[in-house]
Amino acid sequence: MKIVFYGAGNMASAIFIGMIENRVVEPSDIYLTSRSMQEKIMFFKEKLGVNVSYDDQELLKDADYVILASKPQSFPAVAERIRPYLEPKTKVVSVMAGTQIKTIRRELKTENPIARIMPNTNAMVRHSVNGISYSENFTDRDELIELMESFGTTVTVGEDEMHNITAATGSGSAFLYYIYEMYAESLMELGFDEEEAMFLTRNLVIGAGKMVEDSELSFSDLRKNITSKHGTTEAGLNALDGEGLKKILVTTLNAAASRSEELSQDEDE
Ligand SMILES: NC(=O)C1=CN([C@@H]2O[C@H](COP(=O)(O)OP(=O)(O)OC[C@H]3O[C@@H](n4cnc5c(N)ncnc54)[C@H](O)[C@@H]3O)[C@@H](O)[C@H]2O)C=CC1
Ligand SMILES: O=C(O)[C@@H]1CCC=N1
């Protein structure tokens, strides 16, 4: 298997580290390139034993998959590198938010099978949620799904639904981290020092995550089990509801999904 990553940043590295650690590929199957010779990809070469190259012809020769893992704004430059050397057997897989299959096809001037995936950085710990959609001619889907399930769970969606998946789970963990960040800062307002606030929040989040993983109960039942009638939790939850938490989250998710739509429209111009 030869899998070539154009881009070795936060998302790509979470994917190839997840794949290698879960032994679905050998480090020698992975080829990395980036914008310029960067310390970061040399570090991956030394630490993981993956291949690194800036020779596009050599990179794309006999490649089974090419993974487009740059920012959408860098894609035209990436496409220029790939276009001359893309072989008919190579499947194209994009992780770029908002970049449509038809745009990838147009920029690469290719009829090759193309899939879009929307993972998240939880790939690093095998818990990414991967939205996936395919071009019609992407027939050999099982192999790609197997590769992706090495670092998470996979949900097949129509390309139009990618905007919502991008908001819900692509960006979603950032929203949760931000809530944890704000929680820790709020503990400091309560009087804890920074170290205590971080320690308490971190362990609270880890414990809650493990409860979600291990328990059969719904989020709502887990919450109710903590909430005594007329107790402290009820008082806090009433205050939270009064601030309109759900409305805030709906606004957040709509903003992210709209940005994904905007990114896809930019390309049409
Ligand atoms: N970070 C995340 O949690 C997620 C990111 N994504 C998508 O993944 C993509 C990458 O995001 P990040 O990894 O966060 O960005 P990043 O900034 O960490 O990495 C971008 C990579 O692209 C490379 N690159 C730029 N121009 C290039 C070129 N001409 N040739 C080869 N490589 C080039 C850079 O050298 C860098 O390695 C984006 O399109 C984003 O929409 C999708 C899901 C989640
Ligand atoms: O912020 C972004 O645009 C990318 C897509 C999903 C997560 N990060």
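Remember, it's 1-based here, ligands and their atoms both numbered in the order they're listed. Here the structure is a predicted model, which is why all the values come from computation and not from measurement. Quick note: residue numbers are just sequence positions, from 1.
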Protein contact of [atom] - nearest heavy atom, named by residue and atom, plus distance:
| atom | value |
| --- | --- |
| atom 31 (C) of ligand 1 | R81 NH1, 3.2 Å |
| atom 13 (O) of ligand 1 | M11 N, 2.8 Å |
| atom 19 (O) of ligand 1 | G9 CA, 3.3 Å |
| atom 37 (O) of ligand 1 | A8 N, 2.9 Å |
| atom 7 (C) of ligand 1 | V95 O, 3.2 Å |
| atom 10 (C) of ligand 1 | A69 O, 3.4 Å |
| atom 23 (C) of ligand 1 | G7 CA, 3.6 Å |
| atom 1 (O) of ligand 2 | S171 OG, 4.6 Å |
| atom 17 (O) of ligand 1 | K71 CE, 3.5 Å |

Under 3.5 Å, is there a donor on one side chain and an acceptor on the other for [X] and [Y]?
| X | Y | answer |
| --- | --- | --- |
| E143 | Y65 | yes |
| S128 | N130 | yes |
| Y54 | S34 | yes |
| R83 | T110 | no |

Just distances here: any N/O of [X] and N/O of ligand 1 closer than 3.5 Å?
| X | result |
| --- | --- |
| N10 | yes |
| G170 | no |
| R35 | yes |
| S70 | yes |
| T121 | no |
| A97 | yes |

Using protein heavy atoms only, decide if any is under 4.0 Å from atom 7 (C) of ligand 2. yes
For A97, atoms of ligand 2 separated by under 4.0 Å from a heavy atom: 5 (C)
Please report the shortest heavy-atom distance between E111 and N137, naming the atom on each side.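 Taking every non-hydrogen atom into account, O-ND2, 2.7 Å.
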Which atoms form the tightest heavy-atom contact between A69 and V95, and what is the distance? CA-CG2, 3.6 Å
Kindly indicate, with the supporting measurements, whether the criterion side chain to side chain donor-acceptor pair (under 3.5 Å) is fulfilled by T33 and R81. CA-CA 11 Å; T33 192; R81 291 181 57 181; 2.8 Å; yes
Close-contact set for ligand 1 against [X] heavy atoms, below 4.0 Å:
| X | value |
| --- | --- |
| S74 | 25 (C), 26 (N) |
| V78 | 27 (C), 28 (C), 29 (N), 30 (N) |
| M118 | 42 (C), 43 (C) |

Taking the ring centre of each residue, are F16 and F5 less than 6.0 Å apart?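 Yes; F5 has its ring centre under 6.0 Å from that of F16.
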Below 4.5 Å, heavy atoms only, C-beta onward: do L68 and I82 meet side chain to side chain? yes
Checking K2 against Y31: charged group under 6.0 Å from the ring centre and within 45 degrees of the axis? yes
Does E26, at its CD atom, have more than 12 non-hydrogen atoms belonging to other residues, nucleotides or ligands within less than 6.0 Å?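 No, CD of E26 has 12 or fewer neighbouring heavy atoms, counting only those of other groups under 6.0 Å.
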Around atom CZ of F175, are there more than 12 heavy atoms from other residues, nucleotides or ligands closer than 6.0 Å? yes
